[in-house]
Amino acid sequence: MPDNRHDPDNRPFAIRTFEADVLKDALRKMWLIRRFEEGAEDSYTRGLIHGTMHLSIGQEASAVGSCMALTDDDKITSTHRGHGHCIAKGAEVKYMFAEFFGKEEGYCHGRGGSMHIADVTKGNLGANGIVGGGLPIAVGAALASKQLGRNDVTICFFGDGANNEGAFHEALNIAAVWKLPVIFVCENNKYGMSTSTERSTAVKNIAERAVAYAMPGRTVDGNDFNAVTEAVGAAVARARSGEGPSLIENLTYRWRGHSKSDRNRYRTKDEIESWVAQDPIERFRKLLVDHDIIDAAEADTIRAAAEAEVAAGIEFAKAGTDPKISDVTRYVHAEAKA
Amino acid sequence: MPDNRHDPDNRPFAIRTFEADVLKDALRKMWLIRRFEEGAEDSYTRGLIHGTMHLSIGQEASAVGSCMALTDDDKITSTHRGHGHCIAKGAEVKYMFAEFFGKEEGYCHGRGGSMHIADVTKGNLGANGIVGGGLPIAVGAALASKQLGRNDVTICFFGDGANNEGAFHEALNIAAVWKLPVIFVCENNKYGMSTSTERSTAVKNIAERAVAYAMPGRTVDGNDFNAVTEAVGAAVARARSGEGPSLIENLTYRWRGHSKSDRNRYRTKDEIESWVAQDPIERFRKLLVDHDIIDAAEADTIRAAAEAEVAAGIEFAKAGTDPKISDVTRYVHAEAKA
Amino acid sequence: MNVPTTVEKPGSRELSYAEALREAMGLALERDDRVILMGEDIGVYGGAFQVTGDLVDRFGTDRVRDTPISELGGAGVAVGAALTGLRPIFEFQFSDFAMLAMEQIANQAAKLRYMLGGEASVPVVMRMPGGSGTGAAAQHSQSLEAWFGHVPGLKVVQPSTPEDAKGLLLAALEDPDPVIIFEHKMLYKMKGEVPEGWYTTPIGKAAIRREGTDVTIVASAIMVHRALAAADELAKDGISVEVIDLRSVRPIDRETIIASVKKTGKLVCVYEGVRTLGVGAEISAMIAESEAFDFLDAPIQRLGGAEAPIPYNPELEKAAVPQTPGIVDCVRKLVGGQV
Amino acid sequence: MNVPTTVEKPGSRELSYAEALREAMGLALERDDRVILMGEDIGVYGGAFQVTGDLVDRFGTDRVRDTPISELGGAGVAVGAALTGLRPIFEFQFSDFAMLAMEQIANQAAKLRYMLGGEASVPVVMRMPGGSGTGAAAQHSQSLEAWFGHVPGLKVVQPSTPEDAKGLLLAALEDPDPVIIFEHKMLYKMKGEVPEGWYTTPIGKAAIRREGTDVTIVASAIMVHRALAAADELAKDGISVEVIDLRSVRPIDRETIIASVKKTGKLVCVYEGVRTLGVGAEISAMIAESEAFDFLDAPIQRLGGAEAPIPYNPELEKAAVPQTPGIVDCVRKLVGGQV
Ligand SMILES: Cc1ncc(C[n+]2csc(CCOP(=O)(O)OP(=O)(O)O)c2C)c(N)n1
Ligand SMILES: Cc1ncc(C[n+]2csc(CCOP(=O)(O)OP(=O)(O)O)c2C)c(N)n1
Ligand SMILES: [Mg+2]
Ligand SMILES: [Mg+2]
């Protein structure tokens with residue numbers, strides 16, 4: 001292959017599309033996700049957080065890459081494995097940690113925890129404890145956008161496992177029939193909990209199911225930031241111009257177990273290691289370095305800043321306020337206007 | 001086209017596959033369905049039956065043709081528009097009428113009515129009041145067959161409207177992943193109640209959705225008895241030999257409104273008439289006459305016999321026994337063994 | 001039917017319950033662009049029970065949207081739309097089919113505000129035609145209000161008159177939280193005086209439909225009318241019955257019911273849903289733990305649906321839910337000290 | 001925990017509640033080829049709560065079937081299989097997800113025998129891990145037994161001990177009708193004596209876990225243990241509490257509860273589900289209309305879950321469901337005539 005890295009026309013999509021600052025910020029977010037989840041895991045192990053959590057370490061390019069074409073007005077719906085989506089959509093880790101620690105300062109004032117982080121006013125319609133639960137909700141958001149003549153689009157994240165829920169079928173069909181501005185982004189990490197797509201899903205690639213809804217379907221290397229931005233970017237443009245929904249499948253892998261109770265019995269060490277070798281952050285860092293967007297030192301600085309932000313976020317959360325017990329039924333309904 | 005009607009190798013599938021007696025019986029069943037439903041409609045209009053009913057007049061080739069490859073051990077699941085399936089699977093019209101009249105002699109002892117007729121011991125697992133409700137049940141029957149080493153297969157009837165239910169997706173996926181002996185027969189009569197497939201379904205033909213489950217999908221002229229028997233027959237053979245499920249779409253049309261409350265606002269007279277001209281019974285009769293299976297006189301005799309059977313069935317039902325009011329909670333649970 | 005009509009208001013006319021609902025939706029569609037209707041066959045067909053009627057002609061197919069037959073997806077789309085700016089009114093063709101959408105209703109719509117610590121609002125209205133009497137058997141005749149009444153985050157109402165049908169639907173629309181309306185199919189054709197224009201019937205308030213001193217009947221939906229007929233009958237025997245129309249299953253109007261039971265000392269709950277764990281169980285328990293307990297001079301009676309699915313045969317179908325003679329009988333026995 | 005153990009039976013050993021359930025399933029799989037297990041991640045993963053554990057190793061993937069994440073489809077497949085010869089045990093990973101399958105459970109499984117006039121049988125068992133206490137928040141912590149208890153055609157049980165967990169599961173398997181088992185997640189690790197071999201605990205029978213004379217507590221699932229702890233505490237004050245373990249939500253054991261209330265004259269219902277329209281509402285109503293009414297000398301008390309989704313914060317989570325001190329407090333006030 002000829003060295004065409006510096007020929008503008010042949011540079012990868014992400015490099016030729018986004019400003020250097022934007023790309024650096026993407027790298028920052030990927031690091032932030034990684035460190036955030038490591039911090040959360042550590043806090044959990046040390047007994048500071050209760051409940052369970054689902055880590056997306058290894059899937060950072062999918063979250064950040066997919067959100068590259070979104071503005072603050074655009075919406076996302078996320079999943080139980082949603083920390084990455086949150087951060088990609090602009091959430092601040094300190095409020096996320098506060099939520100994990102069950103504090104009033106958290107995004108949900110301590111009521112929701114890891115599985116329910118949302119920031120509706122900024123377009124993050126929320127993680128979801130129900131597999132597939134966000135699919136029709138995303139379609140509803142796209143309907144509101146179209147009906148009210150707004151220009152925003154919605155990205156609906158969901159897993160390979162979720163693609164076998166009836167909600168997937170109903171949501172994609174409605175979105176297609178009504179030509180709504182929604183992009184279905186399937187994060188295919190090969191397993192729904194312990195069950196591989198081979199054992200659960202009749203097709204090899206989830207994107208093949210796009211045919212059933214007469215919408216475009218594409219499968220991409222979800223650990224390749226560039227490929228993700230290109231595929232999702234095209235789908236976002238399509239949605240925004242009124243041409244309707246698309247289905248994009250990001251092939252990726254979660255390095256950690258499904259949740260804290262996972263013994264990893266259903267997959268091999270080799271498989272895990274082969275995917276760790278495909279670290280999406282390292283691949284993206286290399287892409288930026290190769291195209292002279294950053295140098296190694298600057299990359300290190302970005303990572304260190306993410307680390308510092310995470311450390312500060314944990315301290316912020318620890319110092320947070322506990323909800324009042326007497327408030328247990330607060331927020332069930334809207335509060336009466338004063 | 002050369003006249004090859006008498007060349008055995010080129011005769012239509014149904015003609016070369018089934019004995020004359022069997023074909024005549026199929027014609028008898030089609031007439032029985034037609035007259036049964038006319039009789040039911042008439043009884044309803046005269047206030048003898050309460051509730052509602054969904055008539056399948058115009059769809060007789062789909063019901064009877066699909067069941068041609070089944071034995072008494074095979075199963076079907078049916079729909080709200082299920083009288084035809086019942087009769088095709090061997091139900092006796094007098095017990096069906098008795099059910100409509102709410103009598104103890106009915107298939108459900110008067111508890112179920114038109115929407116719940118079943119005869120589980122003979123493999124008719126029942127009509128269903130819930131659109132899509134029978135889809136997973138059919139897959140369950142196929143699982144039981146496979147698991148217990150039986151050789152029976154299950155035909156799952158459902159409508160074009162039902163294909164947008166999540167149950168459709170989940171059922172077809174499970175059937176495919178587990179390679180179960182079930183044949184999904186979609187009776188596409190162009191409308192789910194008032195909503196056309198164009199307005200409700202992202203694909204043109206429902207059979208296109210087979211791709212999403214990696215199973216064979218075929219769309220056939222559902223008013224052509226021969227085409228139906230050929231397509232469903234092949235799918236039944238496939239299922240029986242352990243190769244898994246198929247999706248067959250029978251294009252057909254209901255001549256009557258959706259139910260008794262339909263004002264037919266969503267379709268034109270022309271459309272209805274064009275389909276009445278495609279009367280599946282008349283087409284089948286002609287096929288049999290053309291291939292010298294019967295002559296016109298014998299066809300008339302068959303029809304007259306169906307008429308007589310229906311008339312007798314109505315009288316049987318009228319003379320039936322009303323359930324005891326005190327039995328209102330009977331059959332909720334199995335009765336204690338004596 | 002024996003409806004005690006409200007004093008005729010200026011500008012009120014006779015409408016059917018279905019027409020009253022349609023009028024409410026029409027007003028809402030006119031007043032607020034964010035309002036849309038969604039459901040199966042609510043457009044050109046006019047709805048299975050002709051409730052939406054001609055609204056699609058007036059407001060077009062974008063605002064009166066026929067959905068595919070996808071209850072879970074459809075309800076979820078309504079939830080997502082409500083979360084992001086619309087005010088959808090979602091019609092289930094029969095409340096029985098809402099079983100397919102319980103996830104979106106009870107896990108999402110009802111809980112989102114709470115899970116998000118107050119930072120989200122799901123102002124969706126879901127219309128549920130319920131009840132038996134149409135000969136449509138077990139899967140088309142249920143009264144499932146108790147399920148919804150058990151879910152914090154939802155409000156659940158059951159209008160029994162055309163006036164309340166309109167008023168409660170408009171109140172639901174103004175509510176920032178999800179509201180479920182159980183409409184009774186056998187009431188759709190019932191006529192009554194309905195005020196013109198926009199007005200709301202408060203959610204959470206019962207209505208005393210008839211005053212009395214000997215026994216309180218709390219009834220809901222169509223049972224209100226049967227209770228009133230029973231009260232007429234019982235009046236002939238000199239038994240004075242107070243009939244309370246529950247109207248709101250969640251929240252329940254404790255004050256009105258407690259005050260009435262303190263006055264009469266006797267309570268009969270009449271409801272169509274299955275007796276066990278039905279609405280009457282809650283009313284009974286609410287009274288049995290309240291200050292009204294000490295005023296009770298007889299056991300609390302419940303008349304609810306039979307412990308069976310709704311049967312097809314018309315006589316069995318009638319026997320499966322409370323009817324006027326059964327109410328009369330129950331009150332007579334209660335007043336006569338025979339329970 | 002403070003479980004009053006049954007007298008040790010020959011051949012009984014200590015097992016956890018999860019192990020007891022697993023043993024029951026193992027016995028059933030051994031004894032009857034028609035038994036299969038279905039559910040999400042019940043195979044190699046061993047189930048989200050490790051209830052199926054190693055059963056897949058013993059019986060293979062055909063009999064211990066991992067389903068796709070398709071609750072409605074999966075449950076419906078189990079219903080269809082039950083209708084045609086298998087005896088499936090279907091595990092919902094969390095009972096909250098059963099909301100997706102209500103249609104197949106309540107419209108199909110529960111009603112098929114009736115709708116078909118007795119000509120069909122749906123012998124399916126559905127296992128539902130329920131309850132709060134794990135920090136998993138609103139969509140993973142519900143106690144939905146009241147919904148199922150409201151559905152004729154279902155039987156609904158809630159074991160509180162390892163012995164009953166096994167015995168009720170085997171009884172469910174022998175039952176010709178659909179049975180729903182609510183297993184409490186916080187009990188899975190609880191140990192207790194469990195008889196060896198095949199035995200059944202009758203569905204529809206409550207168990208008196210502690211005899212007493214001053215007040216009756218009817219509690220279910222984990223609340224049985226909190227009620228027993230409260231009874232210990234109250235005994236120190238000289239208050240004698242009878243603790244009844246409900247065990248079966250549908251049908252409810254009227255006789256045992258009525259007899260106890262006639263003896264004590266006071267009733268407290270303790271349950272984890274949402275208070276309104278929860279199991280305690282039914283028990284209260286059942287007593288208030290029974291002959292025990294005349295024996296009551298104080299209002300019936302209900303301690304149920306808060307009128308809120310289950311919150312994430314651990315202290316809020318605890319506050320959302322009854323705890324031992326609250327039970328103690330309630331009984332003290334009741335006995336002291338303060339309610
Ligand atoms: C309706 C529902 N069913 C099951 C679960 C339990 N559960 C949580 S995550 C998960 C696996 C989801 O797989 P996938 O969609 O591939 O997402 P991933 O975890 O791989 O990111 C399961 C079974 C749930 N939360 N909701
Ligand atoms: C879950 C559910 N949703 C809606 C209905 C109401 N309904 C009964 S039949 C029908 C149309 C079904 O269309 P299709 O599947 O095409 O069958 P067809 O009536 O055309 O034979 C509808 C909407 C129902 N019975 N069940
Ligand atoms: Mg996955
Ligand atoms: Mg159709």
Side-chain angles (χ1 to χ4, degrees), chain B residues 75 77 99 104 106-113 115-121 123 125-130 132-150 152 154 156 165-175 177-178 180 323 329-335, chain D residues 33-36 38 61-63 65-88 90 100-101 103-104 106-124 151-155 175-179 203-204 250-251:
Chain B
K75 317 275 185 287
T77 62
E99 189 55 36
E104 280 290 355
Y107 273 108
C108 309
H109 304 298
R111 271 65 174 182
M115 268 190 292
H116 302 292
I117 296 185
D119 191 1
V120 173
T121 50
L125 305 184
N128 209 308
I130 302 299
L135 281 148
I137 294 176
V139 177
L143 173 63
S145 168
K146 181 169 176 168
Q147 191 92 5
L148 295 172
R150 294 191 310 231
D152 53 287
T154 301
C156 172
E165 285 283 4
F168 166 86
H169 179 66
E170 298 188 5
L172 270 75
N173 183 59
I174 295 174
V177 170
W178 292 352
L180 299 178
T329 59
R330 194 175 170 194
Y331 304 134
V332 175
H333 290 293
E335 284 170 19
Chain D
D33 278 349
R34 298 170 308 167
V35 173
I36 60 164
M38 291 174 59
T61 51
D62 275 356
R63 303 211 42 217
R65 281 190 181 255
D66 277 336
T67 64
I69 311 178
S70 308
E71 286 78 9
L72 176 65
V77 169
V79 171
L83 194 59
T84 54
L86 291 180
R87 291 196 152 262
F90 188 85
L100 286 159
E103 199 286 291
Q104 284 292 332
N107 273 335
Q108 312 291 346
K111 295 184 172 55
L112 270 162
R113 178 187 296 279
Y114 190 84
M115 295 189 301
L116 272 48
E119 305 287 349
S121 195
V122 186
V124 65
V151 180
L154 299 180
K155 292 176 185 164
D175 201 286
D177 291 309
V179 181
I203 295 173
R250 184 173 193 91

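Lettering follows sequence order; numbering is per chain, from 1. Computation of the quantities below employed the complete heavy-atom set of this structure, encompassing side-chain atoms and omitting hydrogens, waters and symmetry-equivalent molecules.
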Asker: With a 4.5 angstrom heavy-atom cut-off, could you sort out which part of B:Lys146 is near chain D: side chain, backbone, both or neither?
Answerer: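 Looking at B:Lys146, nothing touches chain D.
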
Asker: Of all of B:Val120, B:Ile137, B:Asp152, which one pairs up most often with chain D through heavy atoms under 4.5 Å apart?
Answerer: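 Max contact count across the listed options: B:Ile137.
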
Asker: Sort out for me which of B:Arg150, B:His333, B:His109 touches chain D most, counting heavy-atom pairs under 4.5 Å.
Answerer: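 Among B:Arg150, B:His333, B:His109, the one with the most close pairs to chain D is B:His333.
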
Asker: Side chain from CB out, backbone as N, CA, C, O: work out which of these in B:Asn128 comes under 4.5 Å of a heavy atom of chain D, or both, or neither.
Answerer: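 Side chain only.
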
Asker: Between D:Arg63, D:Lys111, D:Arg65, which residue shows the highest count of heavy-atom pairs closer than 4.5 Å to chain B?
Answerer: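 The option with the most such pairs is D:Arg65.
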
Asker: Which atoms of B:Val332 are under 4.5 Å from chain D, going by heavy atoms: the side chain, the backbone, both sets, or neither?
Answerer: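 B:Val332 touches chain D through backbone and side-chain heavy atoms alike.
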
Asker: Please flag which part of B:Arg330 lies under 4.5 Å from any non-hydrogen atom of chain D: side chain, backbone, both or neither.
Answerer: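 Just its backbone gets close to chain D.
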
Asker: Do D:Arg250 and D:Lys155 make a side-chain contact, defined as non-hydrogen atoms from C-beta onward lying under 4.5 Å apart?
Answerer: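 No, every pair of side-chain atoms sits at 4.5 Å or beyond.
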
Asker: Return yes if a side-chain donor-acceptor contact under 3.5 Å exists between B:His116 and B:Glu99, otherwise no.
Answerer: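 No, because no side-chain N or O of B:His116 sits under 3.5 Å from a partner of the opposite role on B:Glu99.
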
Asker: For the interface with chain D, which of B:Ile174, B:Val139, B:Leu135, B:Ile130 has the highest count of heavy-atom pairs at distances below 4.5 Å?
Answerer: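 Looking at each of B:Ile174, B:Val139, B:Leu135, B:Ile130 in turn, B:Ile130 comes out on top.
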
Asker: Is there side-chain contact between B:Leu180 and D:Val77, with heavy atoms separated by less than 4.5 Å?
Answerer: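 Contact flag for B:Leu180/D:Val77 side chains = no.
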
Asker: Report which part of D:Leu100 has an atom under 4.5 Å of a heavy atom belonging to chain B: side chain, backbone, both, or neither.
Answerer: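 The answer is neither part of D:Leu100.
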
Asker: Go through B:Gly133, B:Ala142, B:Ala167, B:Gly112 and name the one with the most non-hydrogen pairs under 4.5 angstrom from chain D.
Answerer: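 Top count of heavy-atom pairs under 4.5 Å with chain D: B:Gly133.
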
Asker: To the nearest 0.5 angstrom, please state how far the CG atom of D:Leu72 sits from the CD atom of D:Gln104.
Answerer: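 These two atoms lie 5.5 Å from each other.
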
Asker: How long is the gap from CD on D:Gln108 to CG on B:Leu125, to the nearest 0.5 Å?
Answerer: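 That separation rounds to 11.5 Å.
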
Asker: With only heavy atoms counted, which part of D:Asp177 is less than 4.5 Å from chain B, the side chain, the backbone, both or neither?
Answerer: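 Contact with chain B is through the side chain of D:Asp177 alone.
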
Asker: Considering only heavy atoms, which portion of B:Asn173 lies under 4.5 Å from any heavy atom of chain D: side chain, backbone, both, or neither?
Answerer: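 The answer is the side chain of B:Asn173.
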
Asker: Could you tell me the separation between the CZ atom of D:Arg87 and the CG atom of D:Asp33, rounded to the nearest 0.5 Å?
Answerer: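 So the CZ of D:Arg87 and the CG of D:Asp33 are separated by 13.0 Å.
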
Asker: When heavy-atom pairs shorter than 4.5 Å are enumerated against chain B, which of D:Ala78, D:Gly117, D:Pro178 gives the highest number?
Answerer: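 Max contact count across the listed options: D:Gly117.
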
Asker: Taking side chain as everything from C-beta outward and backbone as N, CA, C, O, which of these in D:Glu119 sits under 4.5 Å from a heavy atom of chain B? Side chain, backbone, both or neither.
Answerer: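 Its backbone and side chain both get close to chain B.
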
Asker: Quick check for you: to the nearest 0.5 Å, what is the distance between B:Ile117 atom CD1 and B:Tyr107 atom OH?
Answerer: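 Answer rounded to 0.5 Å: 8.0 Å.
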
Asker: Roughly how far apart are D:Asp62 CG and B:Trp178 CH2, rounded to 0.5 Å?
Answerer: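 It is 9.5 Å, given to the nearest 0.5 Å.
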
Asker: State, to 0.1 Å, how close D:Ala101 and D:Glu71 come at their nearest heavy-atom pair, and which atoms those are.
Answerer: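 Where D:Ala101 meets D:Glu71 most closely, the heavy atoms are CB-O, 3.6 Å.
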
